[in-house]
Amino acid sequence: MNKFKNIKLPKMKAPQIIITVYLLFMLLFISKINISVPSIFNDSLIKFGMNFILVLSLIPMLKCGIGMNFGMAIGIIAGLIGMCISIEFKVAGVAGFMLAIIVTIFIGIIFGFLYSKILNRLKGKEDVIGMFCGYSFVFIMNIFWTIAPFKNRMMLYPIGGQGLRPKISLELFYDKILDNFLKIKIGDIVIPLGLLIFVAVITAFVMFYFKTKSGKTMEVISENEKFAELSGVNINKYRTIAIILSTVIAGIGICVYTQSYGFVQLYDSPLSFSFSAISAILIGGASRKETKVIHAIIGTYLFQTTYLLSIPIANSLLMPELAETLRMIVSNGIILYAFICEGGEKGLWKKKK
């Protein structure tokens, strides 16, 4: 019996408590409105699959001690360019999706390298600088979308024939190519096995990488950068690798998200993804000191299920506009909590002994 006394159960953090209470609150109202529980579960699997890789892209930078990737929009834009190129050449089906992924990886490496040059020059301010880099790059790309030399009429504005549309349909290309692949139906439950397998492959790659010498070195840098530097580790080299990995994975993530959504969203749309992804991984329990894939899994499912439930409940019981308002309150509140706790760890709120 004594050996069981030494076992310490993990404590739930405030974000997890908030989301759990919020979910329980919404589940109480499901019985009062006509909502099919199997359909909610089916949608939650799709939401998890289409958002998880974006959340997963945060792990390399967190593991290396760089912090939250508020500049995720840079990687997302790499994915958008990859998809636009595949549509421009009218490559459909699996070939079109794979072409988009390949181009995304190539462009993501270039964007990630340039992004790392900025962050490596401004160490200690990565969160703020990343946000400014992401926002600035999105608005620079807004000019590019209007003058880009694409010729496929399905992508261009119908009047004038120049400039890409804000939303480009994937119906004739690779709309739901992963969602419908190896789909399994058990009664009313539909499991998008193809989507989950693709997500599992990317997850396995990330987990395998952090078992390698390079991945282990990143974790050492995160724990004690001074020690790693004195040991002869090239800090900037591994920071660059982590930033490139995060950028490339974010690009792949938006390709997966887009094939589920059915439309390529351009212009200001990349700005909306980083806060949701960061909130999700924080809800899962991740921090600068400890970040695991399980944190991304738990956080993504909790956050996306919360958002999924809030929409029909708000439409039925409250105001339709309230669902997005509640999501933004929870999302920004979780990020604010994380920054407050980080300040406390550095001594801001420590009690004097």
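Fair warning: this is a prediction, and the values are worked out from it, not measured in the lab. Keep in mind that the numbers below use all heavy atoms, side chains included, and drop hydrogens, waters and symmetry copies.
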K.L.:
Look at atom CG of N152 and say whether more than 12 heavy atoms of other residues, nucleotides or ligands are closer to it than 6.0 Å.
P.N.:
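Yes, enclosed.
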K.L.:
With no hydrogens and no angle check, do the side chains of Y115 and S246 hold a donor and an acceptor under 3.5 Å apart?
P.N.:
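No - no donor-acceptor pair under 3.5 Å links their side chains.
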K.L.:
Would you check if there is a donor-acceptor pair between the side chains of T300 and N51 at a distance under 3.5 Å?
P.N.:
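No, because no side-chain N or O of N51 sits under 3.5 Å from a partner of the opposite role on T300.
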K.L.:
Just do the side-chain hydrogen bond (donor to acceptor under 3.5 Å, both in side chains) check on S274 and N69 with the steps written out, would you?
P.N.:
CA-CA 7 Å; S274 60; N69 185 15; over 6 Å; no
K.L.:
Would you check, one step at a time, whether the test ring pair (Phe, Tyr, Trp, His ring centres under 6.0 Å) holds for F273 with Y257?
P.N.:
CA-CA 11 Å; F273 290 96; Y257 178 93; 5.0 Å; yes
K.L.:
More than 12 foreign heavy atoms under 6.0 Å from NZ of K90: is that the case here?
P.N.:
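No, because the 6.0 Å sphere around NZ of K90 holds 12 heavy atoms or fewer from other groups.
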K.L.:
Testing L54, L271, V138, I81 for side chain to side chain contact (heavy atoms under 4.5 Å, CB included) with I76, which one passes?
P.N.:
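For I76, the side chain to side chain contact (heavy atoms under 4.5 Å, CB included) check succeeds only for L54.
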K.L.:
Check the angle between the aromatic planes of Y261 and F263 and answer parallel, tilted or perpendicular using the 30° and 60° thresholds.
P.N.:
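Judged by the thresholds at 30° and 60°, the geometry between Y261 and F263 is perpendicular.
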K.L.:
For E88 and F150, indicate whether the former's side chain and the latter's backbone hold a donor-acceptor pair under 3.5 Å.
P.N.:
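Judged by distance alone, no pair lies under 3.5 Å.
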K.L.:
Evaluate the criterion side-chain hydrogen bond (donor to acceptor under 3.5 Å, both in side chains) for residue pair Y301 and S44; output intermediate values, then yes/no.
P.N.:
CA-CA 7 Å; Y301 194 81; S44 70; 2.9 Å; yes
K.L.:
Is the NZ or CZ atom of K63 both under 6.0 Å from the centre of the six-membered ring of F210 and within 45° of that ring's axis?
P.N.:
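Geometry flag: set, cation within 6.0 Å and 45°.
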K.L.:
Flag yes if more than 12 heavy atoms outside Y209 fall under 6.0 Å of its OH atom; otherwise flag no.
P.N.:
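Enclosed: over 12 neighbouring heavy atoms sit under 6.0 Å from OH of Y209.
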